[in-house]
Engineer: 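Please see the structure below; I have some questions.
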Amino acid sequence: MISLIRTGPESIALKISSHISEIRHKLAAWGILVSLDQEGALRRYGPTRRLVFLSAPGEEGVVEETYVSENSLELFLTTLINSRLAEGVSDASVMPGYLMMRLMGDIGRGIEAIIRDIGGEVIDRDPIFRPDLPGTSTVIHFTRKSLAKTIPVEDMHHKALLIHSRSKGALVQYLSIHGIEYLGDALGTPDWNDVEIRICDSDGLFDLQRQRLLTVVQGMQIGLVLEEKWEREQALTRRTIPVYMMKIYTPLAVQAIKKLAMGLEYNAQGNRFVDFDVYHEDRKISAFTELDKNPGMTRNEIGVANRNEVLKNLDIDSINELLRLEEEIAVQSRKKVGEK
């Protein structure tokens, strides 16, 4: 599948004037103290984290601390109230909601389409920490990258969209339904591509190679798998060989899928150990385009470079699964050699 919207971390800011050690103790039980300021924490943490920004008087002036947790903010606040420590809080404010939306193509055109339908104000991406905004507002950030892992700031669009008219929850619901339309607006066309990737494996380890391909399709969130089936192709020796076909419905350009497929033909040792042929509209996509775009590089060098690009865009769980499958393929291949 392809995910186009996700939430950012929820956060609150607290200023405390008394019961300082007791409140810090409750925060330490709720989460952990990290050495990041507000801006750094909001840039780093994703939707499964909650943040508390604490300001307290210290020996040399105001001390600011950041606590992060997977526990809910409500859990911490109810603990504070039940412990009769809430009176130690002199001021509390809820940070605006944060969303991350994936668009490709002309992101500015996609933002304009969202404003046309629900309003909003284009603002600079930086700073991400905005205590001047009310907690009822929402800031939508944009990226071209998969939302399966944390998005570094350099992969975020330089502009964001500030919306006051709808809550974060309402925006998540709306954009989950209409996100594909805005992706189409950004791409300049509502049309996606049906692309076939055909697995040709002389070792016959089709299931493991299929799992590798599926791990990357899901990890990079490049589209929807429409169909899978066995087919037969005629080899150069004029005999027919089995191939396994996976059809993907994707907003990416066909050549981008070809680059991905070329990368997956190589293992961690830089050896080509499978063929992933790409077809679009019954036409096989040639590797010559990639060779023309990279003069002086061999096909193997391009394949290894493409593999590294794939790994760079995967989350750590997908990378680990990909490497596990490749180790299993290596074991099975050695067994087959020993049986001959």
Engineer: The test is side-chain contact (heavy atoms from CB on, under 4.5 Å); show your working for I197 and L213 and say whether it passes.
Structural biologist: CA-CA 9 Å; I197 301 179; L213 177 57; 3.8 Å; yes
Engineer: Give a yes or no on whether a salt bridge exists between R299 and E301, defined as a side-chain N under 4.0 angstrom from a carboxylate O.
Structural biologist: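 Judged by the 4.0 Å cut-off on N to carboxylate O distance, R299 and E301 do not form a salt bridge.
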Engineer: Quick check: do L224 and I248 have side-chain heavy atoms less than 4.5 Å from each other?
Structural biologist: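 Contact flag for L224/I248 side chains = no.
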Engineer: Hey, do the aromatic rings of Y244 and W230 have their centres closer than 6.0 Å?
Structural biologist: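 Yes, they do, as the ring centres are separated by less than 6.0 Å.
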Engineer: Spell out, yes or no, whether Y67 and L85 are grouped together once hydrophobic residues are joined by side-chain heavy atoms under 4.5 Å, including indirect joins.
Structural biologist: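 In one cluster with Y67: L85, yes.
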Engineer: Salt bridge check: are K247 and E228 linked by an N-O gap of less than 4.0 Å?
Structural biologist: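 Salt bridge absent between K247 and E228.
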Engineer: Between T250 and N193, is a side-chain hydrogen bond (donor to acceptor under 3.5 Å, both in side chains) present by the stated rule, with each step listed?
Structural biologist: CA-CA 5 Å; T250 176; N193 293 309; over 6 Å; no
Engineer: With the 4.5 Å side-chain cut-off for hydrophobic clustering, are Y45 and L73 part of the same group?
Structural biologist: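 They do not share one cluster, since no chain of ILVMFWY contacts under 4.5 Å joins Y45 to L73.
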Engineer: I want to check something: taking the side chain as every heavy atom from C-beta on, are F76 and N71 in contact at a cut-off of under 4.5 Å?
Structural biologist: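 No, too far: nothing below the 4.5 Å cut-off.
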Engineer: Kindly check if the number of other-residue, nucleotide or ligand heavy atoms within 6.0 Å of CG (D132) is above 12?
Structural biologist: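 Counting neighbours around CG of D132, more than 12 heavy atoms of other residues, nucleotides or ligands fall under 6.0 Å, so yes.
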Engineer: Any side-chain to backbone donor/acceptor pair from T66 onto L36? Under 3.5 Å, distance only.
Structural biologist: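 A pair under 3.5 Å: yes.
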Engineer: Is there a donor-acceptor pair closer than 3.5 Å between any side-chain N or O of N271 and the backbone N or O of N267?
Structural biologist: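 Such a contact is absent between N271 side chain and N267 backbone.
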Engineer: Applying the 4.5 Å side-chain criterion to the ILVMFWY set and letting contacts propagate, would I5 and M220 be lumped into a single cluster?
Structural biologist: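 Linked, I5 and M220 end up in one cluster.
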Engineer: Have a look at Y266 and tell me which of N306, N308, N300 forms a side-chain hydrogen bond (donor to acceptor under 3.5 Å, both in side chains) with it.
Structural biologist: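 For Y266, the side-chain hydrogen bond (donor to acceptor under 3.5 Å, both in side chains) check succeeds only for N300.
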Engineer: Between the main-chain N or O of D126 and the side-chain N or O of D124, is there a donor-acceptor pair closer than 3.5 Å?
Structural biologist: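 Flag not set: sc D124 to bb D126 has no pair under 3.5 Å.
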Engineer: So which heavy atom on V243 is nearest to which on R232, and how close?
Structural biologist: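 Of all heavy-atom pairs spanning V243 and R232, the closest is CG2-N, 4.3 Å.
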Engineer: Are the side chains of I32 and S69 in touch, meaning some heavy atoms are under 4.5 Å apart?
Structural biologist: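 Result no, sub-4.5 Å side-chain heavy-atom pair not found.
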Engineer: Start with the C-alpha distance between K168 and Y98, add both sets of side-chain angles, then the distance that settles side-chain contact (heavy atoms from CB on, under 4.5 Å), and finish with yes or no.
Structural biologist: CA-CA 8 Å; K168 183 178 75 172; Y98 294 96; over 6 Å; no
Engineer: Determine the minimum heavy-atom distance between S318 and D315, stating which atoms define it.
Structural biologist: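 Of all heavy-atom pairs spanning S318 and D315, the closest is OG-OD1, 2.7 Å.
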Engineer: Is the side chain of K258 donor-acceptor paired with the backbone N or O of I285 at a distance under 3.5 Å, no angle test?
Structural biologist: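 Pair found, side chain donor or acceptor close to backbone of I285.
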Engineer: Could you check whether any side-chain heavy atom of V34 comes within less than 4.5 Å of a side-chain heavy atom of E65, counting everything from C-beta outward?
Structural biologist: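 No; the side chains remain at least 4.5 Å from each other.
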Engineer: Would a 4.5 Å heavy-atom cut-off, applied to side chains only, mark R24 and E22 as touching?
Structural biologist: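 In short, these two side chains do not touch, never coming nearer than 4.5 Å.
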Engineer: Of R198, R212, M262, which meets side-chain contact (heavy atoms from CB on, under 4.5 Å) against F276?
Structural biologist: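 Option passing the side-chain contact (heavy atoms from CB on, under 4.5 Å) with F276: R212.
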Engineer: So do E64 and D37 actually touch side chain to side chain, heavy atoms under 4.5 Å?
Structural biologist: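 The answer is no, as the side chains (C-beta and beyond) never meet within the 4.5 Å cut-off.
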Engineer: Quick check: do V139 and L99 have side-chain heavy atoms less than 4.5 Å from each other?
Structural biologist: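 A side-chain contact is absent here, since even the closest heavy-atom pair is not under 4.5 Å.
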Engineer: Checking the side chain of T78 only, and the main-chain atoms of L75 only, is there a donor and an acceptor separated by less than 3.5 Å?
Structural biologist: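 Side chain of T78 to backbone of L75: a pair is present.
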Engineer: Can you tell me how far CG of D185 sits from CD1 of I114, rounded to the nearest 0.5 angstrom?
Structural biologist: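 It comes to 8.5 Å.
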Engineer: Between S137 and L162, is the side-chain contact (heavy atoms from CB on, under 4.5 Å) condition met? List the steps.
Structural biologist: CA-CA 7 Å; S137 61; L162 171 63; 4.0 Å; yes
Engineer: Rounded to the nearest 0.5 Å, what separates atom CG in D277 from atom NZ in K284?
Structural biologist: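 Answer for the CG-NZ pair, D277 versus K284, is 4.0 Å.
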Engineer: Ion pair present between E112 and R109, side-chain N to carboxylate O less than 4.0 angstrom?
Structural biologist: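 A salt bridge is absent here (no side-chain N lies under 4.0 Å from a carboxylate O).
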Engineer: Is the side chain of R125 donor-acceptor paired with the backbone N or O of M156 at a distance under 3.5 Å, no angle test?
Structural biologist: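 Such a contact is found between R125 side chain and M156 backbone.
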Engineer: At what distance, to the nearest 0.5 angstrom, does CD of E196 lie from OH of Y279?
Structural biologist: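 Here the interatomic distance stands at 9.0 Å.
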Engineer: What's the separation between atom CG in L42 and atom CZ in R130, rounded to the nearest 0.5 Å?
Structural biologist: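 One gets 11.0 Å once the value is rounded to the nearest 0.5 Å.
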Engineer: Sub-3.5 Å donor-acceptor pair from the side chain of T215 to the main-chain atoms of Q211, do we have one?
Structural biologist: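 Yes: the side chain of T215 pairs with the backbone of Q211.
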Engineer: Taking all atoms of both residues into account, what is the closest heavy-atom pair of L147 and Q221, and its distance?
Structural biologist: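 Here L147 and Q221 meet closest at N-OE1, 3.5 Å.
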Engineer: Taking it one step at a time, do E181 and H178 satisfy side-chain hydrogen bond (donor to acceptor under 3.5 Å, both in side chains)?
Structural biologist: CA-CA 5 Å; E181 300 170 20; H178 298 280; 3.1 Å; yes
Engineer: Between H157 and F142, how do the two ring planes meet: parallel, tilted or perpendicular, split at 30° and 60°?
Structural biologist: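 Correct class here is perpendicular.
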Engineer: Are the side chain of D201 and the backbone N or O of D203 linked by a donor-acceptor pair below 3.5 Å?
Structural biologist: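 At least one qualifying donor-acceptor pair exists.
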Engineer: About how many Å separate OG of S21 and CD1 of I23, when rounded to the nearest 0.5 Å?
Structural biologist: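 Answer for the CD1-OG pair, I23 versus S21, is 9.0 Å.
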Engineer: Could you tell me whether E327 and R324 have a side-chain N and a carboxylate O separated by less than 4.0 Å?
Structural biologist: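 No, no charged N to carboxylate O under 4.0 Å.
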Engineer: Should V68 and L14 be counted in the same cluster of Ile, Leu, Val, Met, Phe, Trp and Tyr side chains packed under 4.5 Å apart?
Structural biologist: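 Shared cluster, no.
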Engineer: With rounding to the nearest 0.5 angstrom, report the CZ to CD1 distance, R43 to I128.
Structural biologist: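 With rounding to 0.5 Å, CZ (R43) is 4.5 Å from CD1 (I128).
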Engineer: Please evaluate residues I316 and K149 with respect to the criterion side-chain contact (heavy atoms from CB on, under 4.5 Å), reporting the C-alpha separation (whole Å), side-chain torsions for both, the decisive distance (0.1 Å), and the verdict.
Structural biologist: CA-CA 8 Å; I316 188 62; K149 64 177 186 177; over 6 Å; no
Engineer: Are there more than 12 heavy atoms of other residues, nucleotides or ligands under 6.0 Å from atom CD of E60?
Structural biologist: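 No - once you tally the heavy atoms of other residues, nucleotides and ligands closer than 6.0 Å, there are 12 at most.
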Engineer: Testing the basics here: between A261 and V278, what is the closest heavy-atom pair and its distance to 0.1 Å?
Structural biologist: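 Residues A261 and V278, closest heavy atoms: CB-CG2, 3.5 Å.
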Engineer: If we ignore hydrogens and angles and just use 3.5 Å, is the side chain of N294 paired with the main-chain N or O of E290 as donor and acceptor?
Structural biologist: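 Yes, N294 side chain to E290 backbone: donor-acceptor pair under 3.5 Å.
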Engineer: Got a salt bridge between E265 and R307, using NZ or NE/NH1/NH2 to carboxylate O under 4.0 Å?
Structural biologist: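 No, no charged N to carboxylate O under 4.0 Å.
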Engineer: Determine whether more than 12 heavy atoms belonging to other residues, nucleotides or ligands lie under 6.0 Å from atom CD of E227.
Structural biologist: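 Check passes, neighbour count above 12.
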Engineer: Tell me whether I118 shares a hydrophobic cluster with M101, the cluster being built from Ile, Leu, Val, Met, Phe, Trp, Tyr side chains joined at under 4.5 Å.
Structural biologist: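 Yes; M101 is reachable from I118 via cluster members.
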Engineer: Let's go through K259 and E309 carefully: what are the C-alpha distance in whole Å and the side-chain angles of both, what is the deciding distance for salt bridge (Lys or Arg N to Asp or Glu O under 4.0 Å) to 0.1 Å, and is it a yes or a no?
Structural biologist: CA-CA 9 Å; K259 286 184 62 176; E309 186 69 18; over 6 Å; no
Engineer: Take D292 and T289 through the test side-chain hydrogen bond (donor to acceptor under 3.5 Å, both in side chains) and record every step on the way to the result.
Structural biologist: CA-CA 5 Å; D292 290 341; T289 300; 5.7 Å; no
Engineer: Restricting to non-hydrogen atoms, name the atom on A56 and the atom on I16 that form the minimum distance, rounded to 0.1 Å.
Structural biologist: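 Looking at all heavy atoms of both residues, the closest pair is CB-CG1, 3.6 Å.
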Engineer: Look at D155 together with R144 and state whether they make a salt bridge at an N to O cut-off of under 4.0 Å.
Structural biologist: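 No, this pair does not count.
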Engineer: Counting only heavy atoms not in H164, do more than 12 fall under 6.0 Å of its NE2?
Structural biologist: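 Correct, the count exceeds 12.
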Engineer: Checking R6 side chain against S3 main chain: does a donor-acceptor pair fall under 3.5 Å?
Structural biologist: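 No; zero donor-acceptor contacts below 3.5 Å.
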Engineer: Looking only at heavy atoms, what is the nearest atom pair of A148 and G219, with distance?
Structural biologist: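 Looking at all heavy atoms of both residues, the closest pair is CB-O, 3.4 Å.
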